[in-house]
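To find a chain, count down the sequence lines: A is the first, B the second, and so on, and within it residues start at 1.
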There are 2 protein chains.
Amino acid sequence: MAIKYAILGFLSWQALSGYDLKKLFEQAYFLYWSGNNNQIYTTLVQLHKDGAVTTEIDHQTSGPSRKIYTITDEGRQQLREWLLAGPELPQLRQPFFLQLMWADTLSPVELDELCAAYEHEMAIQLLMCQEKARRNELDPARSDRERLLWQLIAERWIGFYTEEVAWVQRLRAELAGKE
Amino acid sequence: MAIKYAILGFLSWQALSGYDLKKLFEQAYFLYWSGNNNQIYTTLVQLHKDGAVTTEIDHQTSGPSRKIYTITDEGRQQLREWLLAGPELPQLRQPFFLQLMWADTLSPVELDELCAAYEHEMAIQLLMCQEKARRNELDPARSDRERLLWQLIAERWIGFYTEEVAWVQRLRAELAGKE
DNA sequence: GTTGCCATGTAAGGTGTTACATGATTTA
DNA sequence: TAAATCATGTAACACCTTACATGGCAAC
């Protein structure tokens with residue numbers, strides 16, 4: 001359950017409510033959980049049961065009550081053990097490649113349209129990444145080292161989309177050249 | 001259900017048994033389904049129910065009987081419609097980045113060990129990709145265009161791991177420089 | 001007064017993974 | 001005769017997504 005560590009990570013930065021976490025997950029392009037992810041609430045209950053977080057209710061004067069979650073030493077320890085257990089491997093799923101593999105029934109025009117649409121989508125993702133990295137809304141920046149890590153993660157993400165765009169452009173050029 | 005189209009794709013190339021498909025899925029690094037994926041069998045039953053494939057039993061003289069699946073016109077049509085519906089978007093999950101984001105509790109040595117282990121894993125993946133691309137075991141090659149598509153997909157996969165290795169090397173160098 | 005945001009949850013479904021089960025044949 | 005490979009399947013689980021439900025408060 002990777003989301004467990006994502007939550008513990010954010011809570012290791014500061015105490016947050018489930019709703020706060022949902023907003024952070026939506027904002028952060030480098031996290032892959034989709035918008036409106038209510039798995040967060042059930043995972044928080046689980047973390048509480050496991051003693052990794054404590055919770056207290058914030059009775060706001062304006063607006064509904066919020067449950068604020070705070071990480072415990074036990075939670076910090078679990079996060080640390082996850083890091084020491086070794087690196088997680090990337091899971092890159094490229095169903096578009098599967099489409100290309102079996103796209104030989106398409107006409108040259110249809111195939112180029114498919115690739116052009118993909119190029120367009122990747123260009124949009126790239127712009128969104130760059131814009132979010134530029135605004136730099138989310139950055140705990142507790143140390144130079146942490147700042148560097150976050151910086152490089154953002155760059156890698158931008159790099160991925162940059163290369164994806166360049167690759168599909170090359171693909172389209174080579175397909176056009178073959179006709 | 002992306003695996004449905006992966007299966008239809010392979011069957012659009014040639015008639016295969018469930019076991020053949022399992023072997024192909026294990027071989028193909030560009031497919032993300034894990035080894036020993038028995039989802040294949042249930043999906044084949046579903047595809048048969050939907051009329052996308054037909055099946056006949058091959059009573060082998062040596063070895064157990066095999067169920068050979070053949071794609072139908074209906075199946076080919078479904079595959080084509082999937083292609084025409086537009087490109088699927090990549091789903092890149094990088095839990096390692098999540099680890100780095102919250103790795104500030106690690107000592108410089110622990111952090112470098114984590115990154116070194118990641119670099120090593122990515123280097124292995126890269127070598128495996130390159131070796132499989134070199135051997136080129138799986139290649140329908142029904143046309144020049146199809147050959148080009150497969151070639152470029154292999155290159156993009158190699159490119160991803162190449163960049164991942166280069167990125168983590170840069171990360172380690174910058175971290176070492178900060179100490 | 002109704003739209004929209006804050007805030008928390010439940011339930012169902014899709015998809016992929018892992019473990020288990022079975023039995024035949026080939027090879028060492 | 002033991003191990004490996006061929007071949008098909010079931011069951012349980014993990015994880016993520018989607019839809020639904022509820023209710024308060026603010027703004028227009």
Side-chain angles (χ1 to χ4, degrees), chain A residues 1-8 10 15-28 30-50 53 55-69 82 88-95 98, chain B residues 1-8 10 15-28 30-50 53 55-69 82 88-95 98:
Chain A
M1 207 195 280
I3 201 173
K4 168 184 165 180
Y5 295 104
I7 291 173
L8 283 178
F10 278 107
L16 294 163
S17 69
Y19 191 75
D20 292 333
L21 284 163
K22 261 180 79 169
K23 291 281 150 184
L24 288 169
F25 276 58
E26 280 168 40
Q27 260 180 48
F30 35 77
L31 299 178
Y32 43 83
W33 293 276
S34 78
N36 190 26
N37 193 330
N38 298 334
Q39 201 189 348
I40 287 168
Y41 291 110
T42 49
T43 308
L44 281 169
V45 168
Q46 192 58 46
L47 285 170
H48 189 242
K49 211 183 292 176
D50 296 348
V53 299
T55 180
E56 56 180 318
I57 294 166
D58 171 24
H59 296 287
Q60 297 178 108
T61 50
S62 75
S65 297
R66 294 151 30 92
K67 279 192 191 169
I68 306 293
Y69 290 91
W82 177 55
E88 300 268 354
L89 302 184
Q91 283 177 271
L92 177 51
R93 300 183 172 192
Q94 274 285 32
L98 204 55
Chain B
M1 205 196 282
I3 202 174
K4 167 183 164 179
Y5 295 105
I7 290 173
L8 283 178
F10 277 108
L16 294 163
S17 70
Y19 191 75
D20 292 332
L21 284 163
K22 262 180 79 171
K23 291 281 150 184
L24 288 169
F25 276 57
E26 280 168 39
Q27 260 181 46
F30 35 77
L31 299 178
Y32 43 84
W33 293 276
S34 77
N36 191 26
N37 193 328
N38 298 333
Q39 204 187 348
I40 288 168
Y41 291 110
T42 48
T43 308
L44 280 169
V45 168
Q46 192 59 48
L47 285 170
H48 188 240
K49 211 184 289 176
D50 296 348
V53 298
T55 181
E56 55 181 316
I57 294 166
D58 172 22
H59 296 285
Q60 295 178 109
T61 50
S62 75
S65 296
R66 294 150 30 92
K67 279 192 190 169
I68 307 295
Y69 290 89
W82 178 56
E88 300 269 354
L89 302 184
Q91 283 177 270
L92 178 50
R93 300 184 172 191
Q94 275 285 34
L98 205 54

Closest nucleotide among D:dT8, D:dC16, C:dC6 to the A:Y32 side chain:
D:dC16
Using a heavy-atom cut-off of 4.0 Å across all strands, would you classify B:K22 as base, sugar-phosphate, or nothing?
base
From the candidates D:dT17, D:dA19, C:dT17, the one with an atom nearest any side-chain atom of A:N38 is D:dA19
Quick check for you: among D:dT10, D:dT17, C:dT17, whose closest atom lies nearest to any side-chain atom of B:R93?
D:dT17
Could you please name the option among D:dT17, C:dG16, D:dT8 that lies closest to any side-chain atom of B:Y19?
D:dT8
Determine, stepwise, if the pair B:F25 / B:N37 fulfils side chain to side chain contact (heavy atoms under 4.5 Å, CB included).
CA-CA 8 Å; B:F25 276 57; B:N37 193 328; 5.6 Å; no
Below 30° counts as parallel, above 60° as perpendicular, anything between as tilted: where do the rings of B:Y69 and B:H48 land?
perpendicular
Touch class at under 4.0 angstrom, heavy-atom based, for A:K4 against every strand present:
nothing
Can you build the contact string for nucleotides 23-28 of chain D? Use B for base contact, S for sugar-phosphate-only contact, and - for no protein heavy atom under 4.0 Å.
B-SS--
A:Y41 side chain: which of C:dA7, C:dT17, C:dC6 is closest?
C:dA7
Would you sort out whether A:E88 and B:L98 count as a side chain to side chain contact (heavy atoms under 4.5 Å, CB included), showing the intermediate values?
CA-CA 9 Å; A:E88 300 268 354; B:L98 205 54; over 6 Å; no
Run the side chain to side chain contact (heavy atoms under 4.5 Å, CB included) check on B:K67 and B:L44 step by step: do they pass?
CA-CA 10 Å; B:K67 279 192 190 169; B:L44 280 169; over 6 Å; no
Check every atom of D:dA7, D:dT17, D:dG9 against the side chain of B:Y69 and return the nucleotide holding the closest atom.
D:dG9
Check whether A:D50 reaches the backbone of A:L47 with its side chain - one donor and one acceptor, N or O, closer than 3.5 Å.
no
Considering just the side-chain nitrogens and oxygens of B:N37, establish if one lies under 4.0 Å of OP1 or OP2 belonging to C:dG16.
no
Among D:dC6, C:dG9, C:dT17, which nucleotide sits nearest the side chain of A:K67?
C:dG9
Where the side chain of A:I3 is defined as all heavy atoms beyond and including C-beta, which of D:dA7, D:dT10, D:dC16 is the nearest nucleotide?
D:dC16
Of B:S17 and B:Q91, the one whose closest DNA chain D nucleotide lies more 5':
B:S17
